[in-house]
There are 2 protein chains.
Amino acid sequence: MAGTKRLTQRDIAKLAGVSQATVSLVLNGAPTALARIPQETRERVQHVIRTTGYVADPIARRMAKGLNRILGVFTYEPAFPSEQADFFTPFLLGIEEEAQAQNYDLLLLTGAGVGRERKIFADGNRLRIADGCLVLGREFDRAELRRLVLGDYPFVAIGRREDAGGPVPYVGGDYANGTRALVEKARALGHEKLAYVGPSGSAESIVDRWRGFSEVIAEGAELVLHVNEVGRPAGEALDAIVASGATAVFFVELADAVRVEAAARARGLSVPEDFSAIVLGSHVRAERSHMQFTAFDIPREEMGRQATAMLVRRIEGAAPIEQILLTCEPVEGQTLANKRT
Amino acid sequence: MAGTKRLTQRDIAKLAGVSQATVSLVLNGAPTALARIPQETRERVQHVIRTTGYVADPIARRMAKGLNRILGVFTYEPAFPSEQADFFTPFLLGIEEEAQAQNYDLLLLTGAGVGRERKIFADGNRLRIADGCLVLGREFDRAELRRLVLGDYPFVAIGRREDAGGPVPYVGGDYANGTRALVEKARALGHEKLAYVGPSGSAESIVDRWRGFSEVIAEGAELVLHVNEVGRPAGEALDAIVASGATAVFFVELADAVRVEAAARARGLSVPEDFSAIVLGSHVRAERSHMQFTAFDIPREEMGRQATAMLVRRIEGAAPIEQILLTCEPVEGQTLANKRT
DNA sequence: ATTAGCTGCTAATACGCATTAGCAGTCAAG
DNA sequence: CTTGACTGCTAATGCGTATTAGCAGCTAAT
């Protein structure tokens, strides 16, 4: 309620019979400065601080010093929508863990207002409260990214990003090689006629998967079908797959794989007996679908951790720009088998 | 990289040929003050602001004004550990939603350092960077809560809290009535010999469930068994239940219910044929267990939303202390049936 | 002609802290 | 006895903004 007004260093100083400056020095003076304050005085000040429960106002601190041990987290989509929770949660887990380890707090930037599209440089630009920020989301705004790159505000993207007026510091998953490894594995099992089901677009995650895939095609495998998206009744896509003679089908989206597999089963076909199905990525609640798809793992937690560590490096040491791609290990699953002979 | 140093109002002022104060007034002066600045000057200033892309430093703003549109979120346990993610996520969802609607950002307080127990008033006390805070967690520290109540820092607890040196503002779930409703429903189905499986303790959530339960007992139902916890092999608990002659068993923890049900099945008994099982609460991934337990719903998202709204009220209007209990609706489930005759 | 009131601004200050320059006192060396 | 070094502190300043008091110039009313 009413209570005492917020304590300041001046109050402490008065109580301890010293000056405000001394209080500040006791709290966080450089060793050289501290050396000049005798034990006895320090203890007196500390004692007052302890008994009053004083804590420095972080805002004023930041004002004076420029840093405040806060990391901003900007998500281009709300971080906790029911549907997306599973997408962001693992990243946040890793981020929180590392932030805590480094003794930083997290500022979740909620974006401006309701309904409106989220923008980093919205009018308030709250970003600067934090010492630096992590940016994540499926869809990046290129113009904003460019502005970030050109500015001097420390940030790290989660997920690989193409240059935008300069190299973008990021920690991403190595989708290209993750994909490549799975496709090669399929070839090793005898699959030569391959189908690819997934959107085309300029998003890096899409491009990378396709690059990994097409590299193997260039080495001799045969792309017999490329479907952009699976329609509502998955029947058409399935028809196309069957007609193409593909023996292994690669899906960018788990949902597509699920639908096609269901359609196949409904038609008396089975995976992987009749064709193999591989998902290019991992999904948190994949276990909910009754089938364990062969896929590659996206190390989301680790991405969060490393991105956070990188950001701290950039804030504290003005480290050079780094770009890290983490290996996406294959996930065995049950949907990739030998080609039927 | 290098780039321009951060712009300040002084820079804008210089460019527009006015004083810093004028810039500030143009940006957010009271209508009465604004009225005294002619259109022409305002436009000149606005123009410079727009072309330079200036944005006010939120930190300095807060320094001067005392508010920063940030809500702190303190969790007594890490918010995103794999095991707990499901506990906190729904709350955070609601919180984020309402925060965004009210145009506040969220500061997730990670607690100090690794391993150490989390404390609100840890030495850094970063809390005050936010205008107010939400406190959540299973286990509250009474001393800290007391200190919060006695202080003048706005906060709202999620989950009902007993007075601690004064009433605690909170938004909680009405576990007492949620429990009561389920117990009465069981009685209506003929169950008179009831068992209660759950910890005893002073935590409000535990107390409330027990209160709701014991109210019905006081009205004539019979408590034939009270188990504090289910041991590793759930057999003993099951033995006790069978021996007690209970026809309906109430569990505080879903995990206990799952184990007992499994043990029962292993022994040829089945739920709800041989005895009914009711869970006093809801669990996010309850759907993962193959059995849908009869339970009550904890409206976690709504709790998050309302707590956030309440906090904003307290920050902006110094509203009086409110205590809200949200109704916990029963969840039908498959584990409560007529008493076997 | 004096006053009152308005317009269009600016100077000055506060916010709470960190930091630097430097003051007054003591003590040892030269 | 002077100088220099060291001790134990403090005064003063800056960080970028919001806000208040008030100044100078003008007009209209008395």
Side-chain angles (χ1 to χ4, degrees), chain A residues 4-46 49 52 54-70 123-129 131, chain B residues 4-46 49 52 54-69 123-129 131 153:
Chain A
T4 35
K5 270 253 98 45
R6 190 168 158 57
L7 283 170
T8 71
Q9 285 188 348
R10 211 186 341 264
D11 301 323
I12 304 299
K14 212 161 293 172
L15 290 174
V18 295
S19 72
Q20 176 265 323
T22 304
V23 176
S24 178
L25 288 178
V26 167
L27 275 174
N28 46 13
T32 61
L34 268 184
R36 304 186 51 179
I37 297 176
Q39 185 70 8
E40 198 248 320
T41 305
R42 267 182 287 166
E43 270 169 11
R44 191 152 33 93
V45 173
Q46 295 279 19
I49 289 176
T52 55
Y54 165 83
V55 276
D57 180 350
I59 290 285
R61 215 163 174 145
R62 148 82 203 235
M63 186 76 200
K65 210 160 102 180
L67 293 180
N68 56 21
R69 298 201 85 77
I70 292 180
D123 83 319
N125 195 350
R126 329 281 334 288
L127 218 53
R128 314 224 48 140
I129 291 181
D131 296 336
Chain B
T4 36
K5 270 252 92 54
R6 194 169 158 58
L7 283 170
T8 70
Q9 285 188 349
R10 213 187 335 269
D11 301 323
I12 304 300
K14 212 160 293 173
L15 290 173
V18 294
S19 71
Q20 175 265 324
T22 304
V23 176
S24 178
L25 288 178
V26 168
L27 276 174
N28 46 15
T32 62
L34 268 183
R36 303 186 51 178
I37 297 175
Q39 185 70 9
E40 198 249 319
T41 305
R42 267 181 287 168
E43 270 169 12
R44 191 153 29 94
V45 174
Q46 296 278 20
I49 289 176
T52 54
Y54 162 85
V55 275
D57 180 349
I59 290 287
R61 214 162 174 148
R62 145 84 203 235
M63 184 78 199
K65 213 159 104 181
L67 292 181
N68 57 195
R69 297 201 85 80
D123 83 320
N125 195 352
R126 328 281 336 285
L127 214 55
R128 316 230 37 149
I129 205 167
D131 295 338
Y153 184 71

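By convention in this document, chain letters (A, B, ...) are assigned in the order of the sequence lines, proteins followed by strands, and residues within each chain are numbered from 1. What you see is a predicted model, and the numbers here were worked out from it, not measured in a lab.
The interatomic distance linking A/L25 (CG) with C/dG22 (C1') rounds to 14 Å, in whole Å. What separates CD1 of B/I59 from C1' of D/dG16 is a distance of 11 Å, to the nearest Å. When rounded to the nearest whole Å, the span between NZ of A/K14 and C1' of D/dT10 equals 15 Å. A/M63 places its CE atom 15 Å from the C1' atom of C/dT19, with the value rounded to the nearest Å. As rounded to whole Å, 13 Å separates atom C1' of C/dA11 from atom CZ of B/R10. For the pair B/R44 CZ and C/dG8 C1', the computed distance is 11 Å after rounding to whole Å. C/dC6 atom C1' lies 17 Å from atom CG of B/L34, rounded to whole Å.
Residue contacts shown for A/V18 are limited to sugar-phosphate atoms, with no base heavy atom under 4.0 Å away. The residue A/T8 sits close only to the backbone: its heavy atoms come under 4.0 Å of sugar-phosphate atoms, none of a base. Using a 4.0 Å heavy-atom distance criterion, A/S24 is classed as a base contact.
With C/dA11, C/dG16, D/dA18 as the candidates, the nucleotide lying closest to the side chain of B/A21 is C/dA11. The side chain of B/T22 sits closest to C/dC9 out of C/dG16, D/dA18, C/dC9. For A/P38, the listed nucleotide lying nearest its side chain is D/dG8; candidates were D/dC15, C/dC15, D/dG8.
Within the 4.5 Å cutoff, the side chain of A/Q20 has no heavy atoms near those of the A/T8 side chain. Between B/V18 and B/R44 there is a side-chain heavy-atom pair separated by less than 4.5 Å. A heavy-atom distance below 4.5 Å is not found between the side chains of A/T52 and A/D11.
Just one residue in the list B/L27, B/T22, B/V26, B/N28 forms a side chain to side chain contact (heavy atoms under 4.5 Å, CB included) with B/S24, and that residue is B/N28.
Distances shorter than 4.0 Å separate none of the side-chain N or O atoms of A/Y54 from OP1 or OP2 on C/dG16. Here B/R61 does not reach the OP1 or OP2 of D/dG16: none of its side-chain N or O atoms lies under 4.0 Å away. OP1 and OP2 of C/dA12 both lie 4.0 Å or more from every side-chain N or O belonging to B/Q20.
The residue among B/S19 and B/A64 whose nearest nucleotide of DNA chain C lies closer to the 5′ end is B/S19. Residue B/A60 is the one, among B/A60 and B/A30, whose nearest nucleotide of DNA chain D lies closer to the 5' end (criterion: closest heavy atom). For the pair A/D57 and A/A33, nearest-nucleotide mapping onto DNA chain C gives the more 5' position to A/D57.
Residues B/A56 and B/R61 approach most closely at CB-NH1, 3.1 Å, considering heavy atoms.
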